[in-house]
Amino acid sequence: MVDQNKIEEAIGLLLEGIGEDVTREGLKETPARIARMYRELMSGMEEEPADYLSRRFSVESNEMVLEKDIVFYSMCEHHLMPFYGKAHIAYIPDGYVVGLSKLARTVEVFAGRLQIQERLTAQVADAIMNELKPQGVMVMVEAEHMCMTMRGVKKPGSKTVTVAVRGIFEEKQELQNRFLACLGRQGI
């Protein structure tokens, strides 16, 4: 889906637009390098979370499963600048679990698209609910946005936290509290 040629043309125009000489030695290969980089960064455009979440294992337990500190990198759709951080996912199985790496892969799929953090958080929660069909899921994403760090208000180190709760997590505050306690937090 990523069109190498269009990206190369666009980067050439961008470089010219900021007053650069696109023929100088240091910039000759830059459009091709940027196109390859975007193919990698936007890999989630060509993937579906169902590819990972459809491989399930039967379980009798209905105890919370938590995968925390899933590092991700994404690109803000407003400024085309990176945002990065950690995702934490908990779910209560309803007969099935997935391999833990599949939760991280789900985050990667959605992070590999132009995003806003709020949508990323909701998409991860919804994909797990729709594909795995647990009793409930809770997702927390904490990220630093380069559009806040190096431009605009210039506040490095500030973090944005988004939370999505689905199913039994919406109904039972004690499950939310247990999730937060596992993350070493008192509350949001």
Side-chain angles (χ1 to χ4, degrees), residues 1-4 6-7 10 34-57 64-94 96-152 158-170 175-176 179-180 182-183 185 188:
M1 304 242 187
V2 174
D3 187 328
Q4 283 293 120
K6 282 187 177 181
I7 295 173
I34 298 291
R36 287 190 304 272
M37 176 190 73
Y38 270 95
R39 168 170 250 116
E40 179 182 341
L41 294 177
M42 297 293 111
S43 63
M45 297 292 293
E46 299 173 0
E47 293 183 292
E48 290 300 325
D51 297 341
Y52 300 107
L53 295 172
S54 62
R55 302 175 80 186
R56 301 176 196 118
F57 306 97
M64 183 187 299
V65 176
L66 171 67
E67 182 71 15
K68 66 181 191 173
D69 297 331
I70 302 167
V71 174
F72 73 91
Y73 301 90
S74 192
M75 296 289 282
C76 168
E77 67 184 33
H78 298 146
H79 298 99
L80 297 183
M81 294 186 78
F83 68 96
Y84 56 91
K86 294 179 180 179
H88 316 287
I89 302 169
Y91 68 96
I92 306 294
D94 194 13
Y96 297 96
V97 295
V98 292
L100 296 177
S101 69
K102 306 312 181 206
L103 299 176
R105 293 276 189 210
T106 301
V107 172
E108 284 181 354
V109 167
F110 291 117
R113 302 173 180 184
L114 290 179
Q115 273 295 8
I116 61 172
Q117 183 175 331
E118 297 87 343
R119 184 185 320 118
L120 170 68
T121 307
Q123 286 175 325
V124 170
D126 292 340
I128 292 168
M129 284 300 288
N130 293 336
E131 298 300 326
L132 186 55
K133 305 207 182 318
Q135 295 179 47
V137 65
M138 186 165 174
V139 177
M140 177 188 285
V141 174
E142 305 172 279
E144 184 168 347
H145 293 250
M146 295 306 289
C147 57
M148 290 251 319
T149 296
M150 61 185 291
R151 61 155 302 281
S158 63
K159 292 222 172 24
T160 300
V161 177
T162 50
V163 177
V165 254
R166 305 287 187 267
I168 198 168
F169 279 93
E170 291 176 290
L175 286 175
Q176 291 182 29
F179 173 82
L180 294 170
C182 288
L183 298 179
R185 303 226 166 63
I188 299 175

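A donor-acceptor contact closer than 3.5 angstrom links the side chains of Tyr52 and Glu47.
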* Should His88 and Asp69 be marked as a side chain to side chain contact (heavy atoms under 4.5 Å, CB included) after you check the CA-CA gap, both sets of side-chain angles, and the distance that decides it? -> CA-CA 6 Å; His88 316 287; Asp69 297 331; 3.1 Å; yes
* To do: Show the numbers, then the answer: is there a side chain to side chain donor-acceptor pair (under 3.5 Å) between Ser74 and Gln115?
  => CA-CA 7 Å; Ser74 192; Gln115 273 295 8; 5.8 Å; no
* Asked: What's the verdict on side chain to side chain contact (heavy atoms under 4.5 Å, CB included) for Met42 and Met75, showing C-alpha distance, side-chain angles and the deciding distance?
  -> CA-CA 9 Å; Met42 297 293 111; Met75 296 289 282; 3.6 Å; yes
* To do: Go through Leu175 and Met64 one step at a time and tell me if the side chain to side chain contact (heavy atoms under 4.5 Å, CB included) criterion holds.
  => CA-CA 9 Å; Leu175 286 175; Met64 183 187 299; 4.2 Å; yes
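Among all heavy-atom pairs drawn from Tyr91 and Val98, the shortest one is OH-N, 3.2 Å. When all heavy atoms of Ile89 and Val124 are compared, the closest pair comes out as CD1-CG1, 3.7 Å. Of all heavy-atom pairs spanning Met81 and Cys147, the tightest one is SD-CA, 3.9 Å. Residues Arg113 and Gly44 share a closest heavy-atom pair of NE-O, 2.8 Å. Considering every non-hydrogen atom in both Val107 and Ala87, the closest pair reads CG2-CB, 4.0 Å. Minimum heavy-atom separation, Cys182 to Leu66: CB-CD2, 3.3 Å.
To the nearest 0.5 Å, atoms CD (Gln123) and CD (Glu118) are separated by 11.5 Å. Here the straight-line distance linking atom CD of Gln117 with atom NZ of Lys159 works out to 11.0 Å at 0.5 Å rounding. Interatomic distance, CG of Leu132 versus CG of Leu103, reported as 8.0 Å (0.5 Å rounding). In this structure, CD1 in Ile92 is found 11.0 Å from CZ in Phe179, a value given to the nearest 0.5 Å. Note that CG of Asp126 is 12.0 Å distant from OG1 of Thr106, once rounded to the nearest 0.5 Å. Atom CD of Gln135 sits about 9.5 Å away from atom CZ of Phe169, to the nearest 0.5 Å.
Looking at Leu183 and Lys68, their side chains come closer than 4.5 Å, going by heavy atoms from C-beta outward. Counting heavy atoms from C-beta outward, Met140 and Leu180 have side chains that approach closer than 4.5 Å. Side chains of Pro134 and Met129 form a contact here, defined as non-hydrogen atoms less than 4.5 Å apart. Between Arg119 and Phe110 there is no side-chain heavy-atom pair separated by less than 4.5 Å. Two residues are said to be in side-chain contact when any heavy atoms from C-beta on lie closer than 4.5 Å; Leu114 and Leu80 meet this criterion. Residues Gln176 and Glu170 are not in side-chain contact: their nearest non-hydrogen atoms beyond the backbone lie 4.5 Å or more apart.
Between the side chain of Glu131 and the main chain of Ile128, no donor-acceptor pair closer than 3.5 Å is present. Remark: side-chain polar atoms of Glu144 are not paired, donor with acceptor, to backbone N or O of Thr149 under 3.5 angstrom.
Counting non-hydrogen atoms of other residues, nucleotides and ligands closer than 6.0 Å to CZ of Arg105 gives a total of 12 or fewer. Crowding of Met45 atom CE: a count of heavy atoms from other residues, nucleotides or ligands under 6.0 Å not exceeding 12.
Ring geometry, Phe83 versus Phe72: the interplanar angle exceeds 60°, so the pair is classed perpendicular (tilted spans 30 to 60°).
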